[in-house]
Each structure stands twice: as C-alpha cells, then as structure tokens.
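Here the structure is a predicted model, which means the values were calculated and not measured. Scope of the values below: all heavy atoms of this structure, side chains included, with no hydrogens, waters or symmetry mates.
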Amino acid sequence: MQIASVQPFILHLPLTSDSISDSTHNITHWGVVGAKIVTTDGLEGYGFTGTHAHLASDRLITSCISDCYAPLLIGEDARDHQRLWTKLARYPALQWVGRAGITHLALAAVDVALWDLKAKKAGVPLWSQLGGARTDALEAYNTDIGWLSFDLATLLDGSAKAVEEDGFTRIKIKVGHDDPNIDIERLTAVRKRVGPKVRMAIDGNGKWDLPTCQRFCALARDLDLYWFEEPLWYDDVAGHATLARNTSIPVALGEQLYTVDAFRSFIDAGAVAYVQPDVTRLGGITEYIQVADLALAHRLPVVPHAGEMSQVHVHLSYWHPASTILEYIPWIKDHFREPANVVNGVFQRPQQPGAGTTPLPASMERYGKSLG
C-alpha cells in the first residue's frame with residue numbers, strides 16, 4: 001500500500017436542469033475536483049470535493065494537491081490515514097496559509113481517496129470497513145425539487161412527483177426572496193399539495209439577517225417545517241443561537257464549516273439542532289468522523305450536506321449512530337461505478353468495495369478539464 005503517485009483531476013458535470021439557483025448561488029454544472037492515488041501494487045483510490053465548476057478556483061485546489069500534498073505523500077503507506085491526515089493538515093507552511101478554504105478542500109479530496117484505498121484493499125464497502133451498518137434503511141430527503149429558481153408550478157409538480165411517484169416522505173425547499181412573504185406563499189402551496197405527513201425542511205443559504213428570519217419564522221409557525229437550514233450568515237454563532245431560542249423551527253447548519261472546532265462553537269452555543277457536516281468542506285472522512293462523534297456526544301442528529309452528492313455520505317450515514325437521514329441531489333451519481341441510488345425514498349446500501357468515489361472512465365474523458 002505504498003503510495004506511488006497522486007494525480008489530480010477536474011470534472012464539470014451537468015445538472016439535472018439547465019441551471020439552478022438558491023438565494024445566494026446560480027450554477028449550471030457541478031465540479032468534481034479531486035485526486036486519484038495509486039499504490040505500488042496498482043490499487044487506485046479516488047477522492048474529491050464539490051465545487052461550482054469555476055475552473056480557475058478548481059485549479060487552485062488541484063495545484064494544492066499536486067504541488068503541496070503529493071510530495072508529502074509519495075512513498076508513504078496509504079493505510080496510515082490518520083497519521084497522513086495530521087501530516088498534511090499540520091504541515092507548518094501549509095497550516096500558515098490554510099486551515100480552511102483551498103487547502104482544506106484539497107485535504108478532503110486526498111483523505112477520501114485514502115479511505116477509498118483502505119476499503120478497496122480490504123475488499124469491502126466503506127461502511128463495512130468502518131464497522132458495519134447500524135440500520136437497514138437510510139431515508140432520503142429530496143432537495144432537487146425545491147430550487148428558488150423554479151416557478152411555483154414547477155415547484156408543485158416536482159414536489160408532488162417526488163412524493164407520489166418516487167416515494168419520498170421528505171423534501172427540502174429553498175427560501176430567500178427579498179420579500180419573505182413570497183416564500184411563505186410558496187411553502188403554503190407546497191404543504192397543501194403534498195399534505196401534512198410529508199416532512200418539509202427549508203434552506204436559506206445564509207441570505208437573511210436575524211430580524212428577517214425572526215419575522216419569517218413567526219409567519220411560518222403553522223407550516224410544520226422540519227428544520228430551517230442556514231438561515232443566517234454561515235459564521236454567525238450568536239445570531240443562530242438567538243434564532244434557535246426564539247423559534248420552534250429547529251436550526252440546521254454545517255455545510256460551510258471547515259473544522260470540528262467551528263462545529264463545537266455552534267453546538268456549545270445551542271445554535272444548531274441538526275448537524276450537517278460535509279466531507280468535501282471538512283478535511284475529508286477523518287475530520288467528518290470527529291464532527292459526527294461530537295454531535296453524538298451532545299445527542300444531536302447528523303444529517304450530512306451532500307457536497308459529494310452522497311457518494312461518500314451514504315456509507316458514513318449507514319454506519320454512524322448519530323445519522324438519521326441523508327440529502328439526495330442526483331446531479332452526479334450516474335458518473336460513478338456505484339451510484340448513490342434511492343428507491344422508494346430510501347438510499348440503497350452500497351455493495352462494491354471502496355467509498356463509492358470511482359468515476360466512470362467515459363465521464364472522466366468527456367467531462368474532464370485541463371489542469372492548466
């Protein structure tokens with residue numbers, strides 16, 4: 001399991017719609033930016049982070065992988081994932097310029113690739129390598145039907161199809177109009193269309209300020225919302241704590257947090273009810289486990305954000321005892337050897353060895369981008 005090479009890659013994969021928008025972002029493709037790590041015995045491990053398919057910044061990530069991390073990895077034993085994570089994350093020169101952002105996204109890709117290698121070497125899926133599944137059925141919630149850019153008719157049709165035809169019992173709707181009353185009208189219409197039994201969460205993507213969120217939550221109290229995700233600016237611990245104390249709608253967050261220390265700040269402040277770590281934003285699976293264990297110690301549920309579109313998180317969610325449900329966005333699944341599939345609202349448990357991160361050769365060739 002000696003590391004022979006570290007090869008970065010960039011894929012820009014099309015969405016299920018021509019484009020989508022939430023309150024903060026507008027995109028047409030999803031970036032799969034990562035590393036293939038090859039061992040001297042010919043085993044290949046893949047890991048990646050998720051981006052908005054912005055080629056210039058994607059190249060910053062791959063440059064960090066090839067120029068900064070690869071020299072530290074060549075010749076190392078790929079099985080030593082914890083030691084290697086520490087070696088990369090705490091390397092003095094990189095720690096000086098990093099600890100979040102580009103260096104952490106690159107670290108995530110490398111760490112996932114190492115875990116992928118470890119599970120492949122053992123010949124088992126990652127969830128089995130970690131210790132086995134703790135449930136037979138992992139429920140999915142569908143985010144792809146609820147984008148802010150969808151007009152009301154499209155939103156209603158998509159929500160109804162997800163529930164009535166595809167078997168989802170959970171959906172998530174984006175909010176964040178300049179006039180929150182528009183969001184209330186949309187959510188009221190969706191609730192009426194799907195009925196009272198469907199669990200409906202909402203996501204603000206950090207757009208609104210605290211007074212706007214408080215007014216919105218007062219108006220939404222009768223809609224039985226499962227959670228309010230990222231209601232405020234991502235790093236605003238005090239604001240989220242205030243909102244959590246003043247609304248019955250649980251607060252969810254975490255997709256924009258880079259470290260276990262950041263999660264601890266929100267948890268200690270009572271600012272979060274649903275913890276949403278993401279291996280692509282954290283330093284990979286190694287730091288994800290630290291966050292999930294922290295949430296478990298506080299008896300908080302872990303609901304990962306699907307920056308890797310659930311290819312890795314389906315393994316982690318089947319395994320970790322704090323996990324309850326998992327986000328479903330089907331943008332990239334069909335570009336992998338074992339897609340993160342959902343049947344009747346339930347994620348199928350992966351069966352192939354590894355972390356589910358091995359892309360199809362045809363997708364690599366068709367959607368691959370130059371590293372510059």
Answer yes when Asp77 and Arg83 have at least one side-chain N-carboxylate O distance shorter than 4.0 Å, and no when they do not.
no

List the steps and the verdict of side chain to side chain contact (heavy atoms under 4.5 Å, CB included) for Lys172 and Tyr226.
CA-CA 9 Å; Lys172 189 172 77 177; Tyr226 199 70; over 6 Å; no

Only residue of Trp227, Phe228, Tyr141 satisfying ring pair (Phe, Tyr, Trp, His ring centres under 6.0 Å) with Tyr274 is Trp227

Atom CG of Asp151: over 12 foreign heavy atoms under 6.0 Å:
yes

Rounded to the nearest 0.5 Å, how far apart are CG of Asp183 and CH2 of Trp208?
4.0 Å

Tell me, please, which residues at least two apart from Arg134 pass salt bridge (charged side-chain N to carboxylate O under 4.0 Å, His left out).
none

How would you list, by chain and number, every residue that makes a salt bridge (charged side-chain N to carboxylate O under 4.0 Å, His left out) with Asp179, sequence neighbours excluded?
none

Is any side-chain heavy atom of Cys68 less than 4.5 Å from a side-chain heavy atom of Tyr91?
no

What class does the angle between the rings of [X] and [Y] fall in, given that below 30° is parallel, 30 to 60° is tilted and above 60° is perpendicular?
X     : Y      : result
Trp30 : Trp331 : tilted
His81 : Trp115 : tilted
His25 : His52  : perpendicular

Tell me, with the steps shown, if Thr169 and Glu139 meet side-chain hydrogen bond (donor to acceptor under 3.5 Å, both in side chains).
CA-CA 8 Å; Thr169 60; Glu139 278 193 88; 2.8 Å; yes

Is there a side-chain hydrogen bond (donor to acceptor under 3.5 Å, both in side chains) between Ser323 and His320 once you walk through the steps?
CA-CA 6 Å; Ser323 295; His320 199 275; 4.7 Å; no

I need the single residue from Arg99, Glu287, Arg281 that forms a side chain to side chain donor-acceptor pair (under 3.5 Å) with Tyr258. Which is it?
Arg281

Which residue in the set Ile202, Asp203, Val251, Asp22 passes side chain to side chain contact (heavy atoms under 4.5 Å, CB included) when paired with Glu230?
Asp203

